[in-house]
Amino acid sequence: MSVQTVCLGWHWQPYRYSRTADDVNGQRVHPFPAWLADLARDAVTLAYGADSSRAYRPDAALINYYDRDARLGMHQDKDEKADDPVVSLSVGDRCTFRFGNTDNRGRPYTDVPLASGDGFVFGRASRFAYHGVPKVFPGTAPEGCGLAQGRLNITVRVTGLT
């Protein structure tokens, strides 16, 4: 993993969540904003229908920054105690998002081009699919997106923690 990460609501480090960023600076994690929960709920509604989004109550976001050389290997998001959908939002440079299967890091997988403003929801049977980012395309961010270079990916999720 060559991305830089900031967390909201809960701090994630491999295999666990905490309310403080103990592996970074020991500070309390900034709150998860209601507007981001609303945006993610809207994405779940578009993907699965209004009935699916009523109970969707995300409480954490991982914000990953990708520079021109950053990659993210194939992995599963499985440190949560809930299996609610993960909502991925893209800002900045385009990338190849590799969306795989639930059994292993290998094929079959599908390479999906993601651009600034794209949302990607994975839930239900695909909730624990392996996924990653093998390529970022520098200089492809649209003017006015707020980033001069690089890519932000915001993944919104339900931790199932209290």
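FYI, the numbering just counts along the sequence from 1.
- Sorted by first and then second residue, the pairs that involve residues 53-92 and meet ring pair (Phe, Tyr, Trp, His ring centres under 6.0 Å), not counting sequence neighbours, are H75-H131.
- Listed by chain and residue number, V91, P142, C145 satisfy the side-chain contact (heavy atoms from CB on, under 4.5 Å) test with S116 (two or more places apart in sequence, or in another chain).
- In this structure, L46 has no side-chain contact (heavy atoms from CB on, under 4.5 Å) partners at least two apart in sequence or on a different chain.
- Counting only residues at least two apart or in different chains, side-chain hydrogen bond (donor to acceptor under 3.5 Å, both in side chains) contacts with residues 23-34 comprise H11-D23.
- Checked by atom type, the side-chain pair D59/T159 shows a donor-acceptor distance below 3.5 Å.
- Sequence neighbours left out, not one pair with a member in residues 137-150 passes salt bridge (charged side-chain N to carboxylate O under 4.0 Å, His left out).
- With sequence neighbours left out, the side chain to side chain donor-acceptor pair (under 3.5 Å) criterion links D111 to R98.
- The two residues D103 and Y130 come nearest to each other via the heavy atoms C-CE1, 3.8 Å.
- F99 CZ to F122 CZ: the interatomic distance, rounded to the nearest 0.5 Å, is 6.0 Å.
- Side chains of N153 and S88: a donor on one and an acceptor on the other come within 3.5 Å.
- D51 pairs by the salt bridge (Lys or Arg N to Asp or Glu O under 4.0 Å) definition with R54, not counting sequence neighbours.
- Remark: R157 pairs with D77, E80 by the salt bridge (Lys or Arg N to Asp or Glu O under 4.0 Å) rule, at least two apart or across chains.
- Remark: Y48 engages V44, S52, P85, V121, R124, S126 in a side-chain contact (heavy atoms from CB on, under 4.5 Å) (not counting sequence neighbours).
- Scored by the salt bridge (Lys or Arg N to Asp or Glu O under 4.0 Å) test, D42 finds no partners at all (sequence neighbours excluded).
- For D38, the salt bridge (Lys or Arg N to Asp or Glu O under 4.0 Å) partners two or more places apart in sequence, or in a different chain, are R41.
- N64 CG to T155 OG1: the interatomic distance, rounded to the nearest 0.5 Å, is 6.0 Å.
- By the side-chain contact (heavy atoms from CB on, under 4.5 Å) test, T140 pairs with D93, R94, F137, sequence neighbours left out.
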